[in-house]
Amino acid sequence: MGKSVQKISEHVSLIASKNTWIEGLAIQQLIKTSELNGMQRVAGMPDLHPGRGYPIGAAFFTTNKIYPALVGNDIGCGMSLWQTSAKVAKVNLDKLAKKFEHVELPLDDSWLAVIQSRKTAKNITVNGHDRTLGTIGGGNHFAEFQAIDEIYNQAALDELGLNKKHLQLLVHSGSRGLGQSILVDHIAKYNHDGLCESDLGFNDYMNKHDEAVRFAELNRELIAMRFLEAIRANGECSLDINHNLVSPKNIDGCDGWLHRKGATPSDKGYVVIPGSRGDYSYLVKPILAELNDDNSAMLENINISLFSLAHGAGRKWQRGECHGRLGHKYKREDLYRTALGSRVVCGNKELLYDEAPQAYKKCETVISDMVDAGLIEVVAKLRPILTFKTNGDCSS
């Protein structure tokens, strides 16, 4: 099974070695969630950490029922990677950091035609949330310019059309206030009881959920476009993967619903697993398509993991306690530069501390666990150049 695959109970698994620190509360939440009606299997990822009642960094497989609360309020949250036309060798960090004064404000009227055109193309009809399109939001969301630091699989990099000489842009955001409004509306009507496939509200939620996923994808696209505009560069989207959603899935011959809460799909192609703003991110290739019966142990692990991977480094510390832990060691000005030589743009003092690299696990550990479990192959290591969090208000 591999030393990084733990069976906690008959229905609960954890993709993490014994040396990977996982908070006890997160394990408790994982076990508690496995006891929900209709829940068949639960899998925690190496970035597992506690959430508000339900763990983050996990996948949940149900039959005949869905639980919107497991998906949470940020429906469609995910990562997109864009290759820019800008050259890494020509980056001037001082000049680059000054170009993002207005990129967290709502898009101005010059974007209206683009927004409407892209909404139509993606079959997004919802109104009232357009002002949040193209904005990152708070929490752990970010846009980060990166350089390809090390290459482990040149053929895979070529397949994606990525060039080490070019600056990369990684965008992490979701459906903003739209996803929040959908969850609030659902909880008001159904509490946390979930929805059976036969319930009247089932199709209504799924339709809204699917639109929110498309909205989140468009949001990341517009974020990338405005960041590219800010540095006067062109760009091409190499991948875009959601890690907060529920979708139909057949596992071991059983039709059901796979919920992912901070869990990256391993059945959608290449993905980026980001580190903290002061750590490396990793471009990885899920090991899936080329497997056959000769790889039965690996196939078992992929099933155990519910076709999912970690979505990032995973938090060590709860938000709200980071300033207290770090304030006596680091002045605010210290946190605008990282040990890797990258810069941070963030105008929200608490968020600057809450998202400090020290609040997260080392991404290398998370990656190592998934490699050991036979779930991924590392393609390249990405080094942060400049990370944008938010310039102030983080509201939806």
Side-chain angles (χ1 to χ4, degrees), residues 33 36 38-45 47-48 51-81 122-124 126 129 132 137 139-141 171-187 190 192 194-195 197 201-221 239-251 255-274 286 288 305-312 396:
T33 306
L36 291 172
M39 189 66 66
Q40 303 301 315
R41 284 163 54 190
V42 170
M45 303 299 126
D47 60 333
L48 184 76
R52 295 178 180 175
Y54 307 105
I56 301 167
F60 317 88
F61 184 62
T62 60
T63 51
N64 304 315
K65 193 169 189 176
I66 60 169
Y67 287 92
L70 289 182
V71 177
N73 65 331
D74 199 9
I75 302 167
C77 186
M79 304 276 177
S80 67
L81 181 68
K122 294 183 73 67
N123 191 27
I124 298 171
V126 65
H129 294 275
T132 66
N140 62 351
H141 294 161
V171 177
H172 175 206
S173 193
S175 55
R176 305 288 276 113
L178 175 59
Q180 171 75 10
S181 67
I182 292 170
L183 180 65
V184 168
D185 181 61
H186 168 79
I187 296 297
Y190 303 100
H192 286 250
L195 292 165
E197 293 176 345
F202 181 90
N203 286 335
D204 180 60
Y205 173 79
M206 285 306 302
N207 288 335
K208 291 177 179 177
H209 164 282
D210 291 350
E211 185 168 28
V213 169
R214 298 192 298 272
F215 187 94
E217 293 168 349
L218 176 56
N219 185 40
R220 290 190 291 274
E221 178 184 332
L239 60 89
D240 188 291
I241 304 291
N242 305 293
H243 55 233
N244 280 13
L245 72 167
V246 57
S247 50
K249 185 72 175 176
N250 183 289
I251 296 180
D255 288 328
W257 296 92
L258 183 54
H259 305 65
R260 291 182 172 106
K261 175 64 172 174
T264 301
S266 66
D267 52 0
K268 301 294 183 183
Y270 294 95
V271 299
V272 174
I273 311 294
L288 192 63
S305 70
L306 296 178
F307 298 85
S308 300
L309 306 168
H311 79 310
S396 297

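The CG atom of N123 sits 7.0 Å away from the CD atom of E211 when rounded to the nearest 0.5 Å. Taking CG from D185 and CG from D204, the interatomic distance works out to 7.5 Å, rounded to the nearest 0.5 Å. Going from atom OH of Y67 over to atom OG1 of T33 covers 10.0 Å, rounded to the nearest 0.5 Å. To the nearest 0.5 angstrom, R176 atom CZ is 8.5 Å from D74 atom CG. Going from atom NZ of K208 over to atom OG of S175 covers 13.5 Å, rounded to the nearest 0.5 Å. The structure places CE of M79 at 6.5 Å from OG1 of T264, a figure rounded to the nearest 0.5 Å.
Not one N or O on the side chain of R260 forms a donor-acceptor pair closer than 3.5 Å with the backbone of L245. With hydrogens and angles ignored, the 3.5 Å screen pairs no side-chain donor or acceptor of N244 with any backbone N or O of I75. For N73 (side chain) and G179 (main-chain N/O), no donor-acceptor pair under 3.5 Å exists by modelled atom type. Of the possible polar contacts, one joining the D47 side chain to the H311 backbone as a donor-acceptor pair under 3.5 Å is found. Side chain of T62 to main chain of K65: a donor-acceptor pair is present (N/O by atom type, distance under 3.5 Å, no hydrogens or angles).
By the 4.5 Å heavy-atom criterion applied to side chains, W257 and S247 are not counted as neighbours. Within the 4.5 Å cutoff, no side-chain heavy atoms of V271 are placed close to those of H243. No side-chain heavy atom of H209 sits under 4.5 Å from any side-chain heavy atom of P68. Side chains of L195 and H186 form a contact here, defined as non-hydrogen atoms less than 4.5 Å apart. Counting heavy atoms from C-beta on, the side chains of D255 and T63 never come closer than 4.5 Å.
Around the NZ atom of K122, the shell of radius 6.0 Å holds more than 12 heavy atoms that belong to other residues, nucleotides or ligands.
Closest approach of F61 to K249, counting heavy atoms only: CE1-O, 3.4 Å. The nearest pair of heavy atoms linking Y205 to V246 is CE2-CG1, 4.4 Å. Contact between S266 and S308 at its shortest, heavy atoms only, is OG-N, 3.5 Å. Contact between H192 and A69 at its shortest, heavy atoms only, is ND1-CB, 3.5 Å. Considering every non-hydrogen atom in both A59 and L258, the closest pair reads CB-CD1, 4.1 Å. Contact detail for H172 and C77: the closest heavy-atom pair is NE2-SG, 3.3 Å.
In this structure, K261 fails the cation-pi test against Y54, since its NZ or CZ atom is not both closer than 6.0 Å to the six-membered ring centre and inside 45 degrees of the ring normal.
The aromatic rings of F60 and H259 sit perpendicular to each other, their planes meeting at more than 60°, with 30° as the lower class boundary. Ring geometry, H129 versus F215: the interplanar angle exceeds 60°, so the pair is classed perpendicular (tilted spans 30 to 60°).
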side-chain contact (heavy atoms from CB on, under 4.5 Å) between Q40 and L306, worked out: CA-CA 11 Å; Q40 303 301 315; L306 296 178; over 6 Å; no

Any chance you could lay out the salt bridge (charged side-chain N to carboxylate O under 4.0 Å, His left out) test for D210 and R214, step after step, and finish with the verdict? CA-CA 6 Å; D210 291 350; R214 298 192 298 272; 5.5 Å; no

